[in-house]
There are 2 protein chains.
Amino acid sequence: MKKSFGAKTLVFTNPVWCVGSYDVNNQPNLMTVAWGGICCSKPPAVTISLRKATYTYGNIMARMAYTVNIPSVKFVKHADYVGMVSGKMENKFETVRLTLVKSDLVDAPYVEEFPMILECKVIHTHEIGLHTQFIGEILDVKVDQAALDASGQLDMNKVAPFTYDSDTQTYHRVGDAIGNAFKIGKEL
Amino acid sequence: MKKSFGAKTLVFTNPVWCVGSYDVNNQPNLMTVAWGGICCSKPPAVTISLRKATYTYGNIMARMAYTVNIPSVKFVKHADYVGMVSGKMENKFETVRLTLVKSDLVDAPYVEEFPMILECKVIHTHEIGLHTQFIGEILDVKVDQAALDASGQLDMNKVAPFTYDSDTQTYHRVGDAIGNAFKIGKEL
């Protein structure tokens with residue numbers, strides 16, 4: 001028996017991504033989003049949804065570019081902070097003391113200290129309602145050397161991403177592996 | 001110093017959702033996706049991306065409805081199985097021995113045994129490339145009594161959702177809480 005919670009944005013799991021952009025004065029901005037996901041394999045593309053009221057919305061509309069910066073658990077405070085304060089009020093890179101790197105590929109900055117970043121060129125925008133979807137073609141994924149294993153491969157445990165429970169408004173780390181995809185289902 | 005991995009769909013975290021739909025003969029189908037996320041708060045909406053080659057694609061195009069079924073970790077084999085086998089070949093609900101419930105709100109079935117489901121009416125479709133985005137307005141979120149706490153509130157630990165690492169193709173449970181949103185950032 002199931003209980004109805006009504007028409008709500010309740011789902012698990014949500015990502016936690018900090019979106020990098022530049023404003024008209026080239027001031028960098030960083031804003032945290034949980035509404036987003038990969039949306040296409042070819043071209044590789046990721047979608048994020050923003051309210052028009054956000055500073056980042058205007059930035060991306062003008063530059064048609066953004067970065068997705070994946071914070072590790074040690075940056076949970078930074079991610080939370082840049083999700084609370086508007087870039088209209090301050091340069092958040094300075095406040096949270098993160099180093100910005102100007103992307104060579106797109107007109108947006110990324111966070112040096114975060115373990116993994118995606119550089120995205122906007123290829124579509126979609127008005128859904130309160131939120132606008134920005135579909136970004138992923139031009140490159142860059143990962144810190146420190147988040148690679150001995151053979152140079154990406155190691156999620158070293159990236160240490162976290163997820164967002166929008167119901168209780170808490171962040172949660174990613175836990176243990178529970179099975180291999182395209183394999184464990186064959187046991188049924 | 002960061003290493004470039006190129007233009008790839010590499011990101012953390014990805015959800016694991018089983019999408020419910022009906023085909024032209026009213027045969028129910030279930031298919032696992034990791035490309036998706038919440039995309040709007042008003043109307044509450046969730047996006048999933050599907051290749052045209054999938055059986056679910058045609059089903060949703062015809063019915064303009066789907067359900068998002070969130071498996072708990074104990075259903076990881078079921079979720080993996082329905083992500084591997086096409087509904088063109090078999091009725092997967094029967095194969096994996098899951099009980100389908102016909103939604104009262106949308107023209108799609110959901111999984112009785114899964115702890116949490118979203119009933120969605122398609123309000124937009126967007127061609128991105130290999131994948132098509134289906135934007136579903138969330139008409140209701142239903143949660144098992146067993147996934148509620150003593151006060152009747154949703155308990156993510158009881159839902160026990162998991163996430164997908166597309167790099168190593170492994171499923172991972174959601175781990176410990178690491179902080180409260182809109183709060184922990186104030187410590188900076």
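Every heavy atom of this structure was used, including side-chain atoms; hydrogens, water molecules and symmetry mates were not. Order of the sequence lines sets the chain letters (A, B, ...), proteins ahead of strands, with each chain counted from 1. As the structure is a computational prediction, the values presented were derived from the model and not from experiment.
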Highest number of heavy-atom pairs under 4.5 Å with chain A: which of [options]?
options	value
B/P15, B/P115, B/A79, B/A34	B/P15
B/T170, B/L130, B/T9, B/V141	B/V141
B/Q145, B/Q153, B/E119	B/Q145
B/S4, B/S49, B/A45	B/S4

Among [options], which residue has the highest count of heavy-atom pairs closer than 4.5 Å to chain B?
options	result
A/R173, A/E137, A/R97	A/R173
A/H126, A/Q169, A/K183	A/H126
A/H124, A/M84, A/K186, A/H78	A/M84
A/E112, A/Q133, A/K42	A/Q133
A/G36, A/C39, A/C40, A/P43	A/C40
A/G129, A/G179, A/P161	A/G179

Report, as yes or no, whether the 6.0 Å neighbourhood of atom [atom1] on [X] holds more than 12 heavy atoms from other residues, nucleotides or ligands.
X	atom1	answer
A/D104	CG	no
B/K74	NZ	no
A/K158	NZ	yes

Less than 4.5 Å to any heavy atom of chain A: does that hold for the side chain of [X], its backbone, both, or neither?
X	value
B/L148	side chain
B/F114	backbone
B/V76	both
B/I138	both
B/T47	side chain

For the pair B/T13 and A/V174, evaluate side-chain contact (heavy atoms from CB on, under 4.5 Å) and give the outcome as yes or no after the intermediate values. CA-CA 8 Å; B/T13 59; A/V174 174; 3.6 Å; yes
Establish whether [X] and [Y] are linked, either directly or via other cluster members, by ILVMFWY side-chain heavy-atom contacts under 4.5 Å.
X	Y	result
A/V82	A/V33	no
B/W35	B/Y66	no
B/I184	A/L98	yes
A/Y22	A/V19	no
A/W17	A/I60	yes

Starting at [atom1] of [X], measure out to [atom2] of [Y] and round the result to the nearest 0.5 Å.
X	Y	atom1	atom2	result
A/N14	B/I38	CG	CD1	6.0 Å
B/N180	A/T168	CG	OG1	7.5 Å
A/F5	B/L154	CZ	CG	5.5 Å
B/E187	A/K77	CD	NZ	4.0 Å
A/S166	B/M156	OG	CE	9.5 Å
B/T95	A/L188	OG1	CG	9.5 Å

Are side-chain heavy atoms of [X] and [Y] found at a separation under 4.5 Å?
X	Y	value
A/M116	B/F12	yes
B/Y171	A/D176	no
B/K2	A/V143	no
B/T163	A/T163	no

Ignoring hydrogens and geometry, is there a side-chain-to-backbone donor-acceptor pair from A/H172 to B/G175 under 3.5 Å? yes
Does any N or O in the side chain of B/H131 come within less than 3.5 Å of the main-chain N or O of A/S41, such that one atom is a donor and the other an acceptor? yes
Output, in order, the C-alpha distance, side-chain angles, deciding distance and verdict of side-chain contact (heavy atoms from CB on, under 4.5 Å) for B/K142 and A/K3. CA-CA 5 Å; B/K142 289 182 167 68; A/K3 173 181 171 176; over 6 Å; no
Least distance between heavy atoms, B/G185 atom then A/Y81 atom: O-CD1, 3.6 Å
Please find the pair of heavy atoms, one from B/Y164 and one from A/A181, that lie closest to each other, and give the distance. CE1-CB, 3.5 Å
Where on A/L118 is there a heavy atom nearer than 4.5 Å to chain B: the side chain, the backbone, both, or neither? side chain
Okay, A/I70 and chain B: the region with an atom under 4.5 Å from a heavy atom over there is side chain
